[in-house]
Amino acid sequence: MEKTWRWFGPNDTITLPMLRQIGVEGIVTSLHHIPNGEVWTLEEVNKMKDFIEQHGLRWSVVESLPVSESIKYGGHDRDELIEKYKISLANLGKAGVKTICYNFMPVLDWARTDLDYPNPDGTTNLYFNRAEFAYFDINILKRHDAKKDYDEETLRRMREEVAPRMDKEGEKRLVENIIVKTQGFVNGNISENDLNPVEKFRSLLNLYEGIDAEKLRENMTYFLNAIMPVCEEYDINMCVHPDDPPMPILGLPRIVTCDSDIQAFLDAVPNPHNGLTFCAGSLSAGAHNDIVALAKKYADRTHFVHARICNVQPNGDFKESTHLDPRLIEVVRTFENLRPELPMRVDHAPLMLGDEKKGYNAGYSFHGRMLALGMVSGIMATVNSEK
């Protein structure tokens, strides 16, 4: 597979010359300076593409061309926003950038409660503590009837383990980790400049009142059917990112969480340009998913691979794991054998070797991802030596 790297543009402290030195071949990026819902002009697309190519690399994948919330919940302006999206797609196609990763997750892109969970070796990882998340939902967000969404064991842990140690600073940390730091750098709905992120977040949740999984699927199908003619004209592959975590959260529906969900959206729009970003990490955060089996089943409709993995504990907590996890080795083996032309990027690596002091985006350190890329490169080389 093509070794790619998520890069956050010219202001990223990790530079393109650095990436060439560690074996990166393609760049995964976005036009982060263009507001969500606005057109990506051909001029802006070519400007980014030329900048990347001047450094001996290629713009392999757009991650992401954001889908506006109004498209997801079916707002009055969704058709206007879809038309703008189609123009942006066409401009990307004209420039020769033809793999587009996106998500259809309402409001929240991805969720973790701890961005610096300590490992025995001194590194830290991203972590999702289900009881802490319940505390945020019930006691900070104060969502109506939130308790109904959690099992009794999670509520017990929240009462007995989380609540006694929670103070104002702890609550502030949860707010930052769940709805600010994991969202603001990816054209998210909340930024660090928002004075009252919790109140803004509540207003976003309200937009989805009455929107269940069935309705969200209808809206996703509407969107995909609308853009497929542009994808066909310019040979663009759309690849949806699985929900992270792969389960309903905060009363919001999630529709790319498991085998049946994936099959449903592929069947709803059977065009081969409608495909999947196979994120082994997101899918493995649900104990219900056999990610090796899913990789084999959906290899032919996968357009992009995220190489990472999660370990799920019996209580529902999960954390990022080593890129040498046997399940991830088999996922890489599957795609290296069946779809070696695909772009692949390593993802959500540990903080290590001083990277914790450099202000990198959560999950996107330099040394941790460099180590992960070395590990995955070794897996790929081993697989190819066996052919």
Side-chain angles (χ1 to χ4, degrees), residues 1 28 61-67 71-72 99-111 128 211-228 231-232 236-249 252-310 312 318 325 327-328 330-339 341-345 347-348:
M1 293 178 287
V28 177
V61 181
V62 173
E63 186 177 350
S64 297
L65 179 56
V67 179
I71 294 174
K72 295 175 185 178
T99 302
I100 315 297
C101 174
Y102 71 103
N103 77 73
F104 220 79
M105 288 178 261
V107 183
L108 203 61
D109 188 351
W110 55 289
F128 183 90
I211 303 295
D212 59 10
E214 181 179 357
K215 183 59 178 177
L216 190 62
R217 287 192 185 95
E218 289 179 9
N219 292 344
M220 183 178 179
T221 301
Y222 184 93
F223 165 71
L224 288 170
N225 279 328
I227 66 172
M228 280 300 110
C231 294
E232 290 179 340
I236 291 171
N237 288 325
M238 297 294 296
C239 40
V240 71
H241 190 287
D243 299 334
D244 186 5
M247 61 195 75
I249 58 172
L252 297 167
R254 311 277 262 190
I255 58 171
V256 190
T257 68
C258 60
D259 185 5
S260 60
D261 283 352
I262 297 170
Q263 192 67 61
F265 89 82
L266 293 176
D267 288 346
V269 183
N271 191 308
H273 292 289
N274 171 38
L276 177 68
T277 294
F278 194 92
C279 181
S282 296
L283 292 168
S284 64
H288 54 280
N289 286 323
D290 180 339
I291 62 163
V292 177
L294 291 175
K296 293 175 180 177
K297 180 175 180 179
Y298 295 109
D300 64 333
R301 294 292 290 275
T302 294
H303 299 312
F304 182 31
V305 176
H306 284 186
R308 67 178 177 90
I309 198 78
C310 287
V312 183
F318 63 86
D325 185 293
R327 295 167 297 163
L328 188 57
E330 289 308 307
V331 167
V332 172
R333 184 189 304 277
T334 296
F335 287 112
E336 192 67 7
N337 282 328
L338 299 180
R339 300 291 308 281
E341 77 281 6
L342 291 180
M344 174 281 303
R345 75 168 176 87
D347 198 4
H348 290 192

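Residue numbers count from 1 along this sequence.
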_Rounded at 0.5 Å granularity, tell me how far CD in Glu232 sits from CG in Asn271._
4.5 Å

*asked:* Can a donor-acceptor pair be found, under 3.5 Å and without considering hydrogens, that links the side chain of His288 to the backbone of Thr257?
replied: yes

_Rounded to the nearest 0.5 Å, what separates atom CG in Leu283 from atom CG in Leu276?_
7.0 Å

_Do Pro106 and Leu216 make a side-chain contact, defined as non-hydrogen atoms from C-beta onward lying under 4.5 Å apart?_
yes

_Any donor-acceptor N/O pair, Thr277 side chain to Phe304 backbone, under 3.5 Å_ = no

_Residue pair Met1 / Val332, side-chain heavy-atom distance below 4.5 Å_ = yes

*Judged by modelled atom types alone, do Arg339 and Thr334 share a side-chain donor-acceptor pair under 3.5 Å?*
no

*Would you call Glu214 and Arg217 a salt bridge, using N to O less than 4.0 angstrom?*
no

*Look only at the side chain of Asn274 and the backbone of Met238, and say whether a donor-acceptor pair between them is shorter than 3.5 Å.*
no

*Short question: side chain of Tyr222, backbone of Ile71 - any donor-acceptor pair under 3.5 Å?*
no

*With a 4.5 Å limit on heavy-atom distance, are the side chains of Tyr298 and Asp259 in contact?*
yes

*Output yes when a side-chain donor or acceptor of Asn289 lies under 3.5 Å from a complementary backbone atom of Ser284, and no otherwise.*
no

*Any idea which heavy atoms bring Ala307 and Met344 closest together, and the distance?*
CB-SD, 3.8 Å

_Salt bridge present between Arg327 and Glu330 (N-O < 4.0 angstrom)_ = no

*Just say parallel, tilted or perpendicular for the rings of Phe128 and Phe318, cut-offs at 30° and 60°.*
parallel

*asked:* So which atom in Pro246 and which in Gly286 form the shortest heavy-atom distance, rounded to 0.1 Å?
replied: CG-N, 3.4 Å

*Which atom pair, heavy atoms only, marks the closest approach of Pro343 to Val61?*
CG-CG2, 3.6 Å

*With rounding to the nearest 0.5 Å, note down the distance linking CG in Asp109 to CG in Asp243.*
10.0 Å

*Which heavy atom of Pro270 sits nearest a heavy atom of Asp267, and at what distance?*
CD-O, 3.5 Å

*Distance (rounded to the nearest 0.5 Å) between Cys279 SG and Asn103 CG*: 11.0 Å

*asked:* Using a 6.0 Å cut-off, check whether atom NZ of Lys296 has over 12 heavy atoms from anything other than its own residue.
replied: no

_Minimum heavy-atom separation for Leu108 and Arg254, please, with both atom names._
O-NH1, 3.4 Å

*asked:* Quick one, Arg333 with Glu336, criterion salt bridge (Lys or Arg N to Asp or Glu O under 4.0 Å). Give me CA distance, side-chain angles, the key distance, then yes/no.
replied: CA-CA 5 Å; Arg333 184 189 304 277; Glu336 192 67 7; over 6 Å; no

*What are the two closest non-hydrogen atoms of Val240 and Phe265, and how far apart are they?*
CG1-CZ, 3.3 Å

_Distance in Å, Ile262 CD1 paired with Arg301 CZ, rounded so as to fall on 0.5 Å steps_ = 11.5 Å

*With a 4.5 Å heavy-atom cut-off, do His348 and His306 have their side chains touching?*
no

*Test item: Phe278 and Val331 side chains (from C-beta on) under 4.5 Å apart, heavy atoms*: yes

_As a quick check of understanding, evaluate side-chain contact (heavy atoms from CB on, under 4.5 Å) for Leu338 and Thr302, giving each step before the final call._
CA-CA 11 Å; Leu338 299 180; Thr302 294; over 6 Å; no

*Nearest 0.5 Å please: distance from the NE2 atom of His241 over to the CE atom of Met105.*
6.0 Å

